[in-house]
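As structure tokens, the structure follows; a few thoughts come after it.
Computed over heavy atoms, backbone and side chain alike; hydrogens, waters and symmetry mates excluded.
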Amino acid sequence: MTRDVRILNTGSLLELQRRLRAAGGENIRSSMQRRIRRAAEPLRDDLQDTMLGLDIRSQGRTTRQGGPSLNGIPLRSTIAAAIRISVRTTGGAGATVWIDPSRLPPGYKNIPGQLNQGRLRHPVFGNRRRWVNQYASPPWWDQTVRQHRPRMEAEVARVLDDVRRRLE
């Protein structure tokens with residue numbers, strides 16, 4: 001699973017950043033960062049909605065749906081809340097949509113990747129001698145990102161063109 005999505009045009013962003021510093025355009029720079037963040041927000045929102053509505057099925061003879069989480073932490077909403085946006089205009093310039101592992105409880109770090117692959121393997125009620133598989137419709141992350149990528153790239157290009165025009 002691609003853990004993060006980066007919309008990069010590093011050369012253009014770095015060149016614009018240098019020109020912004022030279023022009024002293026703090027307003028323009030903050031506006032550019034805000035607009036790049038806004039371009040990534042629909043992707044983050046859609047990833048969160050996709051995770052919240054993700055169908056996770058168990059194998060075998062189940063007549064009832066899963067009950068409450070054993071540790072009291074709801075899986076889907078916890079992962080959805082960990083999806084973040086980061087905008088940088090220096091070094092690795094661009095917008096990044098990612099799952100923040102520090103916002104996931106211990107033991108949940110690999111679950112988003114497993115769900116994206118379509119299978120979550122875990123012990124039954126913590127019993128490490130009995131394991132089960134649960135299946136999700138893959139790839140929830142990759143498919144959502146693929147749908148949003150052209151729109152995001154076009155929006156970032158539009159932002160860069162606007163900033164270039166303002167600097168000329």
Side-chain angles (χ1 to χ4, degrees), residues 1-10 13 32-160:
M1 173 182 135
T2 306
R3 292 221 167 194
D4 59 8
V5 181
R6 296 175 188 198
I7 300 300
L8 303 172
N9 189 352
T10 307
L13 284 172
M32 180 176 79
Q33 287 176 325
R34 184 175 58 254
R35 289 179 63 193
I36 290 174
R37 176 177 294 278
R38 272 200 211 128
E41 285 174 353
L43 171 61
R44 182 205 52 206
D45 296 343
D46 201 13
L47 283 168
Q48 289 173 334
D49 290 344
T50 302
M51 173 46 69
L52 290 172
L54 189 65
D55 181 32
I56 302 174
R57 301 169 309 283
S58 60
Q59 65 188 21
R61 53 182 182 126
T62 59
T63 55
R64 67 182 186 112
Q65 293 298 316
S69 173
L70 184 62
N71 57 5
I73 302 170
L75 176 68
R76 291 178 189 91
S77 59
T78 301
I79 294 173
I83 299 172
R84 315 283 290 160
I85 298 174
S86 174
V87 176
R88 292 179 44 165
T89 55
T90 58
T96 305
V97 179
W98 55 296
I99 296 177
D100 185 357
S102 69
R103 300 190 95 205
L104 293 173
Y108 277 47
K109 308 271 188 268
N110 296 325
I111 291 177
Q114 290 179 15
L115 289 174
N116 191 55
Q117 292 172 356
R119 184 181 85 149
L120 173 62
R121 184 168 166 76
H122 64 89
V124 177
F125 294 109
N127 178 358
R128 296 222 167 255
R129 290 181 293 181
R130 175 100 196 260
W131 290 71
V132 294
N133 292 315
Q134 286 186 292
Y135 300 95
S137 3
W140 71 275
W141 179 273
D142 296 339
Q143 186 175 3
T144 308
V145 168
R146 237 179 278 121
Q147 292 170 353
H148 283 268
R149 188 172 205 109
R151 182 200 52 78
M152 286 178 57
E153 287 175 344
E155 181 63 28
V156 170
R158 190 172 25 253
V159 168
L160 294 177

Atom pair CZ/CD1 of Arg34 and Ile36 - distance to nearest 0.5 Å: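 Answer rounded to 0.5 Å: 11.5 Å.
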Nearest-0.5 Å distance that lies between atom CG in Asn116 and atom CE in Met51: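 Going from the CG atom of Asn116 to the CE atom of Met51 covers 8.5 Å.
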Pairs under 3.5 angstrom only: tabulate donor-acceptor contacts from the side chains of residues 118-125 to other protein residues two or more places apart or in another chain.
{"unit_1": "His122", "atom_1": "NE2", "unit_2": "Gln134", "atom_2": "OE1", "d": "2.9"}

Intermediate values then yes/no, side-chain contact (heavy atoms from CB on, under 4.5 Å), Ile85 and Val87: CA-CA 7 Å; Ile85 298 174; Val87 176; 4.2 Å; yes
Tyr135 vs Asp55, side-chain contact (heavy atoms from CB on, under 4.5 Å): CA-CA, chis, key distance, verdict: CA-CA 8 Å; Tyr135 300 95; Asp55 181 32; over 6 Å; no
Glu155/Arg158 salt bridge by N-O under 4.0 Å criterion: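 Salt bridge between Arg158 and Glu155, a charged N being under 4.0 Å from a carboxylate O: yes.
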Residues that Arg35 engages under side chain to side chain donor-acceptor pair (under 3.5 Å), provided they are two or more places apart: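 Listed in chain order: Asp162.
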Heavy-atom closest contact (Pro101 atom, Lys109 atom, distance):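 It is O-NZ, 2.9 Å.
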With a 4.5 Å limit on heavy-atom distance, are the side chains of [X] and [Y] in contact?
X      : Y      : answer
Pro112 : Trp141 : no
Arg44  : Gln48  : yes
Arg103 : Arg84  : yes
Leu104 : Asp100 : no

Trace of the side-chain contact (heavy atoms from CB on, under 4.5 Å) decision for Leu47 with His148: CA-CA 10 Å; Leu47 283 168; His148 283 268; over 6 Å; no
Solution key, residues 72-83 side-chain donor-acceptor pairs under 3.5 Å, sequence neighbours excluded:
{"unit_1": "Arg76", "atom_1": "NE", "unit_2": "Leu54", "atom_2": "O", "d": "2.8"}
{"unit_1": "Arg76", "atom_1": "NH2", "unit_2": "Leu54", "atom_2": "O", "d": "3.3"}
{"unit_1": "Thr78", "atom_1": "OG1", "unit_2": "Pro74", "atom_2": "O", "d": "2.4"}

Verdict with reasoning, Arg37 to Gln33, per side-chain contact (heavy atoms from CB on, under 4.5 Å): CA-CA 6 Å; Arg37 176 177 294 278; Gln33 287 176 325; over 6 Å; no
Backbone N/O of Ser137 and side chain of Trp140: donor-acceptor pair under 3.5 Å: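 No: the side chain of Trp140 does not pair with the backbone of Ser137.
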